[in-house]
**Q** 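Below you will find the structure I want to go over with you.
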Amino acid sequence: MPDRFAERLLEWYDQHGRHDLPWHHNRNAYRVWVSEIMLQQTQVTTVIPYFNAFMERFPDVHALAEAPEDDVLSHWSGLGYYARARNLQKAAKTVVADYAGDFPADQQQLESLTGIGRSTAAAIIAQAFGKRAAILDGNVKRVLARYHAVAGWPGQTSVLKTLWERAEQHTPHERVRDYTQAIMDLGAMVCTRTRPNCDTCPLKADCAAYTRGETTFYPGSKPKKAKPEKVTWMVILEDAQGRILLERRPPSGIWGGLWSLPELDPAFGADELQDACEQKLGLSCETPELISGFRHTFSHYHLHIQPARLLVRGAGAIGDNDNQRWLHRDEALSLGLPAPIRTLLTDAEQVALL
DNA sequence: CAACCGTGGTG
DNA sequence: TCACCAAGGTT
């Protein structure tokens with residue numbers, strides 16, 4: 001029997017799809033690539049303002065390759081998964097050095113660039129170069145899992161393998177660019193995670209899950225696991241001029257490469273913070289003022305952030321260098337800061353005004 | 001394979 | 001308040 005999957009999908013896309021997202025204009029490999037990286041595990045409405053600001057500052061791969069890393073990270077501040085930003089610039093340097101600034105239209109060569117995996121490489125090939133390549137992102141997984149009633153969690157290798165086979169099978173030889181956008185749009189707009197709008201779906205006639213009335217069973221859910229609780233001190237060290245000490249975080253781990261407040265071991269009691277700052281940072285401080293703490297949830301654990309404000313006496317042993325800076329709050333907020341730290345500094349400013 | 005890596009929206 | 005998770009990839 002003829003497979004009308006792509007045909008029906010494209011017909012729907014022409015009428016109801018999204019045709020004017022920012023990365024659809026002035027389409028080239030660079031803009032498609034940046035958008036695909038930003039869109040990893042991140043929703044379209046979140047990405048749009050970041051993409052526009054990023055393109056304004058880094059209009060092409062050369063601008064990105066030559067920019068200071070701090071500049072790249074500050075444009076990623078609040079977007080999350082900061083390794084994406086570091087990998088992005090590393091790949092930009094590779095494209096400039098090894099490909100004369102032109103992205104290769106080849107799946108393997110694209111996947112060799114850091115931050116680009118199978119699905120992102122395929123998206124670039126289809127969207128930027130119009131060549132046939134199958135993508136498999138969260139939207140496509142959901143559509144295909146339902147259409148073919150593929151049981152199990154897509155994170156499982158066997159399930160993933162089946163979905164990739166289905167993705168390859170349905171990808172047409174014509175209009176691949178539109179098809180790729182179409183199946184993502186269907187997943188985002190019709191075949192949604194909860195309460196899919198099956199009434200308006202162009203594929204419902206042959207959708208196995210819909211036919212059986214089992215759309216909620218697909219795709220299978222991820223096995224749940226308890227998130228550990230962690231605790232940390234975040235110190236706002238303020239000198240006589242009202243400047244705050246910022247520290248660059250190590251390149252790997254949470255918030256890698258971003259600027260943040262100094263952390264102190266949670267084993268220190270509140271009455272030991274003064275000594276801790278003395279010993280660990282070489283700074284003489286006044287009695288700490290505790291600011292209300294809060295819990296921040298990450299993908300894999302909860303972090304209790306306990307902030308404390310300490311006034312620094314005289315000139316400290318710590319000055320400005322590559323990894324430490326004394327900055328006023330407005331200057332600090334222009335750095336690439338993690339979202340909760342940005343919020344904390346904003347709130348702390350209000351506290352200071354009281 | 002499983003852990004790790006962020007944030008904001010949603011119910 | 002909170003679990004779940006969205007245009008994934010790397011280690």
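Within every chain, numbering begins at 1; the chains are lettered A, B, ... in the order of the sequence lines, protein sequences first and strands thereafter.
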**Q** I'd like the P distance from B:dG6 over to C:dT11, given in whole Å.
**A**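 Here C:dT11 and B:dG6 have their P atoms 14 Å from each other.
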**Q** Given the P atoms of C:dA7 and B:dG11, what is the spacing between them in whole Å?
**A**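 Taking atom P in both C:dA7 and B:dG11, they lie 14 Å apart.
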**Q** Looking at A:E174 and A:R132, does any basic side-chain N land under 4.0 Å from a carboxylate oxygen?
**A**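 Looking at A:R132 together with A:E174, the answer is no, because their closest N to O distance does not fall below 4.0 Å.
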**Q** Please check: side-chain N/O of A:K141 versus main-chain N/O of A:L163, any donor-acceptor pairing under 3.5 Å?
**A**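 Pair absent, no side-chain N/O of A:K141 close to backbone of A:L163.
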**Q** So, does the side chain of A:T45 form a donor-acceptor pair with the base of B:dG9 at under 3.5 Å?
**A**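 Counting by modelled atom types and ignoring angles, no donor-acceptor contact under 3.5 Å is found here.
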**Q** NA contact type, A:G187, heavy-atom cut-off 4.0 Å: base, sugar-phosphate, or nothing?
**A**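 Result for A:G187 = nothing.
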**Q** Send over the distance from A:Y82 OH to C:dG8 C1', rounded to a whole Å.
**A**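 That distance rounds to 17 Å.
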**Q** Would the A:F5 and A:Y147 ring centres measure less than 6.0 Å apart?
**A**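 Between A:F5 and A:Y147, the centre distance is under 6.0 Å.
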**Q** Determine whether a donor-acceptor pair (one donor, one acceptor, N or O, separation below 3.5 Å) exists between the side chain of A:T120 and the base of C:dG8.
**A**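 When only heavy-atom distances are counted, A:T120 does not reach the base of C:dG8 through any donor-acceptor pair under 3.5 Å.
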**Q** If you only use heavy atoms from C-beta on, which nucleotide in C:dA7, B:dT7, C:dA6 is closest to the side chain of A:R193?
**A**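 Of the options given, the side chain of A:R193 lies nearest C:dA6.
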**Q** Any base atoms under 4.0 Å from A:R295, or only sugar-phosphate, or nothing? Heavy atoms, all strands.
**A**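 Sugar-phosphate only.
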**Q** Could you tell me whether A:K227 contacts a base, only the sugar-phosphate backbone, or nothing, with contacts defined as non-hydrogen atoms closer than 4.0 Å?
**A**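 Counting heavy atoms under 4.0 Å across all strands, no contact is made by A:K227.
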**Q** Assess whether one donor atom and one acceptor atom, taken from the side chain of A:R142 and the base of C:dA6, lie less than 3.5 Å apart.
**A**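 No.
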**Q** Might you confirm whether atom CD of A:E214 has over 12 heavy atoms from other residues, nucleotides or ligands at distances under 6.0 Å?
**A**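 Counting neighbours around CD of A:E214, more than 12 heavy atoms of other residues, nucleotides or ligands fall under 6.0 Å, so yes.
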**Q** Start at the 5' end of DNA chain B and walk down; is the nucleotide closest to A:Y81 or to A:W153 reached first?
**A**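 It is A:W153 whose nearest nucleotide is closer to the 5' end.
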**Q** Between A:H300 and A:P340, name the one whose nearest nucleotide on DNA chain B is closer to the 5' end.
**A**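 Final value for this comparison: A:H300.
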**Q** Assign A:S119 to base, sugar-phosphate, or nothing according to its heavy-atom contacts below 4.0 angstrom with the strands shown.
**A**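 Sugar-phosphate contact only.
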